[in-house]
S.K.: 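Got a structure here, written out as structure tokens. Questions coming.
Predicted model, so just to flag it, every value in this text is computed and none were measured.
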There are 2 protein chains.
Amino acid sequence: MDEKNKSRQAAMPSTLNERPTLKTIAFMTGLGITTVSRALKDAPDIGAETKERVRLVAKQVGYQPNRAGVRLRTGKTNVISLVLSLEEEVMGLTSPIVVGISEILASTGYHLVITPYRFSKDALAPVRYVLDTGAADGVIISRTEPNDPRVALMMERNFPFATHGRTEMGLAHPYHDFDNEGFAYEAVRRLAELGRKRIVLLQPPQHLTFHRHMRKGFDRAVRDFGLEAVPFNSVDIDNSLVDIRAAFETLMSDSDAPDGIVSGSGAGSIAVIAGLEAVGKRLKHDVDMVSKVPSDFLSWLRPEVITMNEDIRHAGRELAKAVLGRIAGTPAEELQSLSKAI
Amino acid sequence: MDEKNKSRQAAMPSTLNERPTLKTIAFMTGLGITTVSRALKDAPDIGAETKERVRLVAKQVGYQPNRAGVRLRTGKTNVISLVLSLEEEVMGLTSPIVVGISEILASTGYHLVITPYRFSKDALAPVRYVLDTGAADGVIISRTEPNDPRVALMMERNFPFATHGRTEMGLAHPYHDFDNEGFAYEAVRRLAELGRKRIVLLQPPQHLTFHRHMRKGFDRAVRDFGLEAVPFNSVDIDNSLVDIRAAFETLMSDSDAPDGIVSGSGAGSIAVIAGLEAVGKRLKHDVDMVSKVPSDFLSWLRPEVITMNEDIRHAGRELAKAVLGRIAGTPAEELQSLSKAI
DNA sequence: TCTAAAATCTGTAACGATACAGTAGACTTG
DNA sequence: CAAGTCTACTGTATCGTTACAGATTTTAGA
């Protein structure tokens with residue numbers, strides 16, 4: 001202060017066409033860096049005219065906050081992490097979910113980072129990584145289990161997340177889920193309507209939560225409509241198409257083979273069809289089938305199959321909204337949604 | 001120095017179970033922060049024993065460099081950005097590419113960030129964003145055009161990137177591409193082998209580079225085998241399945257309809273089949289078809305279709321290796337690959 | 001007119017890492 | 001043994017941002 005030049009905070013104009021920072025704006029407006037920072041976030045202790053001036057200059061020079069600076073100082077990453085299994089490349093499932101999430105994040109400052117893991121047993125590792133390194137502000141996981149350690153961990157650390165699928169731990173957390181119970185019930189109902197009696201279900205693996213939902217809807221409908229559920233546990237929708245096909249070849253060549261099939265996965269349905277056609281059965285004649293599908297390709301090639309669409313892209317949008325909501329502090333209870341087949 | 005306590009760089013042990021930083025390790029080892037930093041990157045001016053000690057402690061406390069710190073100081077983001085069109089949700093195409101990229105990045109320190117754009121006309125915007133904000137160390141783009149402004153921009157700025165598909169600008173840059181010329185040639189050859197004479201091509205849109213490749217292979221084969229190419233430009237593989245189906249319904253009901261079809265897209269093939277079957281034609285009888293497919297589902301439901309597989313997941317791996325190579329300074333010429341149908 | 005309270009604005013320190021310019025001591029060398 | 005050279009280590013400044021604790025000016029109050 002007693003020096004001759006007052007040595008303002010924003011002294012030098014740096015170089016020329018570098019990326020503008022708060023310092024650039026501070027220099028151009030003649031204000032302090034702090035003032036500029038606070039003006040841009042509309043703090044109450046900055047004059048209205050000053051704010052306007054700062055905003056104008058900021059826009060003019062195309063200022064965009066440096067993410068690393070913000071992140072270092074505040075810990076806010078502006079990142080949502082989608083935790084994906086590299087195995088579960090189940091036909092076209094991850095693609096639409098990524099698109100759906102992106103659609104929502106596009107209008108926010110958030111980036112989408114894919115955090116992969118290789119084997120189901122390592123599912124906890126990526127979540128732990130994000131939590132330990134603070135790699136993201138929120139996480140989206142899928143393939144939930146009734147008692148999911150990932151959910152337990154994130155709840156315990158009070159970390160924002162949303163799950164594709166529900167859990168059964170008595171903890172309220174954001175989720176989006178497809179109404180698999182409703183799907184299975186409706187599927188069986190349609191088969192009953194067609195006069196089918198012996199129904200089989202190609203179901204999700206036991207350890208995933210939605211196995212229970214689908215099973216529940218299936219069993220209830222079978223009871224309600226006085227049908228018979230054909231026991232079938234040799235394969236589930238996580239098995240390879242080759243295995244599913246083989247299992248259905250065996251099943252359908254049996255003397256008391258089912259005459260109605262509910263398939264919990266579009267990809268699986270393909271193998272199912274191949275299996276039953278291999279033993280000479282024909283859809284609509286010997287057997288009817290209802291399939292859950294993530295896209296409409298099946299109805300083009302086997303219109304005989306009754307399809308019920310699960311809108312994965314919509315799920316992506318809902319999940320993105322849910323994590324963002326959680327980050328913003330919305331109670332988990334208000335961030336839970338269920339969608340029906342369309 | 002003349003003070004009584006020498007005030008080392010690493011003075012306080014911070015709190016307890018916070019995330020460890022260089023400071024933590026410096027305190028534990030009694031070394032300076034700089035020394036620790038340099039020891040961990042194996043700098044030549046640090047003693048062997050010291051390095052060992054630092055590494056041990058670092059591992060013990062689970063040290064992981066703070067990305068924001070590194071990024072702020074060095075500008076290195078450790079991020080690869082995959083630029084995706086939200087429109088081009090062409091059946092199951094993006095999913096395997098994401099998986100392939102992830103597989104490679106998993107063993108590096110790189111994260112994968114999805115950078116979407118909404119409409120084809122905005123394709124340049126996300127690239128500009130990444131360049132302007134320094135959001136990533138490398139970029140992967142797809143749907144390249146012969147003269148691609150995105151490529152021009154990144155070359156001009158000397159920014160590492162890899163393209164899924166080639167360009168024709170006389171600039172050497174990393175790419176991975178499917179050998180569409182080879183595919184089309186081979187496809188036509190097989191149709192010729194089956195005695196087909198009048199061949200039609202469901203091709204990529206004109207503005208994309210691989211349109212030319214596929215066209216070239218197709219035309220060359222038609223010439224080589226003395227066949228006839230049926231003109232057909234009303235739809236391309238970017239059109240909706242509904243439109244493709246309608247176009248093929250018209251085409252195939254013509255008196256001089258083609259008896260051989262080459263389809264440049266698996267999803268498109270579905271619509272093609274629906275179209276030709278709608279007018280009473282049957283695969284293998286009235287017409288044969290060869291399709292490029294990203295997965296094997298088609299061969300399950302229409303084994304009559306000859307399929308040639310494009311391994312998108314492999315493309316993802318190659319692209320990831322290519323960008324990383326470019327970042328590491330490998331000449332572009334050594335980072336170009338072409339893959340054949342499998 | 002003098003003081004208290006607003007209203008605005010600002011410098012400093014810190015987040016975690018690294019580039020750079022040292023420093024201290026041991027070891028050569030002539 | 002003085003001077004130079006290595007070896008091994010370290011402090012300072014800095015990247016861009018924000019929390020915090022002032023500082024200055026204006027307005028109000030009495």
S.K.: By nearest atom, which of the nucleotides dT12(D), dT10(C), dA17(C) is closest to the L22(B) side chain?
M.R.: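 Among dT12(D), dT10(C), dA17(C), the one nearest the side chain of L22(B) is dA17(C).
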S.K.: Within the pair T50(A) and dC9(C), is there a side-chain N or O less than 4.0 Å away from OP1 or OP2?
M.R.: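 Yes, such a contact exists.
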S.K.: Under 4.0 Å from OP1 or OP2 of dG16(C): is there any side-chain N or O of K23(B) that close?
M.R.: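 So the side-chain polar atoms of K23(B) never come under 4.0 Å of the phosphate oxygens OP1 or OP2 of dG16(C).
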S.K.: How close or far is atom P of dC15(C) from atom NZ of K76(A), stated in whole angstroms?
M.R.: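 Going from NZ in K76(A) over to P in dC15(C) covers 21 Å.
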S.K.: From C-beta outward on T21(B), which listed nucleotide comes closest to its side chain: dT10(D), dT17(D), dG16(C)?
M.R.: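 Ranking dT10(D), dT17(D), dG16(C) by closest atom to the T21(B) side chain puts dG16(C) first.
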S.K.: Between P on dA19(C) and CG on L40(B), what's the gap in Å once rounded to a whole number?
M.R.: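 Computing the L40(B):CG to dA19(C):P distance gives 13 Å.
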S.K.: Please tabulate, one pair per line, all N/O donor-acceptor pairs under 3.5 Å involving side-chain atoms of residues 314-330 of chain A, not counting sequence neighbours.
M.R.:
{"residue": "H314(A)", "atom": "NE2", "partner": "E318(A)", "partner atom": "OE2", "Å": "3.4"}
{"residue": "R317(A)", "atom": "NH1", "partner": "E103(A)", "partner atom": "OE1", "Å": "2.8"}
{"residue": "E318(A)", "atom": "OE2", "partner": "K321(A)", "partner atom": "NZ", "Å": "3.2"}
{"residue": "T330(A)", "atom": "OG1", "partner": "G325(A)", "partner atom": "O", "Å": "3.2"}

S.K.: Over how many whole Å does the gap from F27(A) atom CZ to dT10(C) atom C1' extend?
M.R.: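 Atom CZ in F27(A) sits about 17 Å away from atom C1' in dT10(C).
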S.K.: Check the distance between dT17(D)'s C1' and R71(A)'s CZ and give it to me in whole angstrom.
M.R.: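 Answer to the nearest Å: 14 Å.
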S.K.: To the nearest Å, how far apart are D45(B) CG and dG22(C) P?
M.R.: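 Spelled out: CG on D45(B) to P on dG22(C) is 16 Å.
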S.K.: Closer than 4.0 Å, any side-chain N/O of T35(B) to the OP1 or OP2 of dT10(D)?
M.R.: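 T35(B) to dT10(D) OP1/OP2: side-chain N or O found under 4.0 Å.
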S.K.: Closest approach to the side chain of L72(B), judged atom by atom: which nucleotide of dA19(C), dC15(D), dC9(D) is it?
M.R.: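 Of all the options, the side chain of L72(B) is nearest to dC15(D).
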S.K.: Between D148(B) and T167(B), do the side chains contain an N or O donor and an N or O acceptor separated by less than 3.5 Å?
M.R.: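 No donor-acceptor contact under 3.5 Å links the two side chains.
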S.K.: Checking T163(B) against T144(B): is there a side-chain donor and acceptor pair closer than 3.5 Å?
M.R.: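 There is no such pair between these side chains.
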S.K.: To the side chain of I46(A), which of dC9(C), dA19(C), dC20(D) is closest?
M.R.: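 The listed nucleotide nearest to I46(A)'s side chain is dC9(C).
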S.K.: Is the closest basic N to carboxylate O distance between D42(A) and K51(A) below 4.0 Å?
M.R.: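 Counted as a salt bridge, because a side-chain N and a carboxylate O are separated by less than 4.0 Å.
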S.K.: Quick one: sort the H176(B) and H164(B) rings into parallel, tilted or perpendicular, breaks at 30° and 60°.
M.R.: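 Parallel.
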S.K.: Any base atoms under 4.0 Å from P44(A), or only sugar-phosphate, or nothing? Heavy atoms, all strands.
M.R.: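 If one applies the 4.0 Å heavy-atom cut-off, P44(A) turns out to touch nothing in the nucleic acid.
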S.K.: To the nearest Å, give me how far apart CZ (R38(A)) and C1' (dT10(C)) are.
M.R.: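 After rounding, the reported distance stands at 11 Å.
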S.K.: Both G69(A) and G47(B) contact DNA chain D. Taking the nearest nucleotide for each, which residue is further toward the 5' end?
M.R.: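 Checking each residue's closest nucleotide, the 5'-ward one belongs to G47(B).
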S.K.: Look at the side chain of N66(B) and the base of dC15(C), then say whether one donor and one acceptor between them are separated by less than 3.5 Å.
M.R.: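 For N66(B), whose side chain was compared with the base of dC15(C), there is no donor-acceptor pair (under 3.5 Å).
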S.K.: Within the structure, does a side-chain N or O atom of S37(A) lie under 4.0 Å from either OP1 or OP2 of dT18(D)?
M.R.: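 The answer is yes; a side-chain N or O of S37(A) sits under 4.0 Å from OP1 or OP2.
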S.K.: Taking atom types as they are modelled, would you say the side chain of R73(B) forms a donor-acceptor pair with the base of dT18(C) within the 3.5 Å cutoff?
M.R.: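 Answer yes: a donor N or O sits under 3.5 Å from an acceptor.
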S.K.: In whole angstrom, what separates R67(B)'s CZ from dG16(D)'s P?
M.R.: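 For the pair R67(B) CZ and dG16(D) P, the rounded distance is 20 Å.
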S.K.: Take the protein atom CD1 of I25(B) and the nucleotide atom C1' of dG16(C), then report the distance between them rounded to whole Å.
M.R.: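 Atom CD1 in I25(B) sits about 12 Å away from atom C1' in dG16(C).
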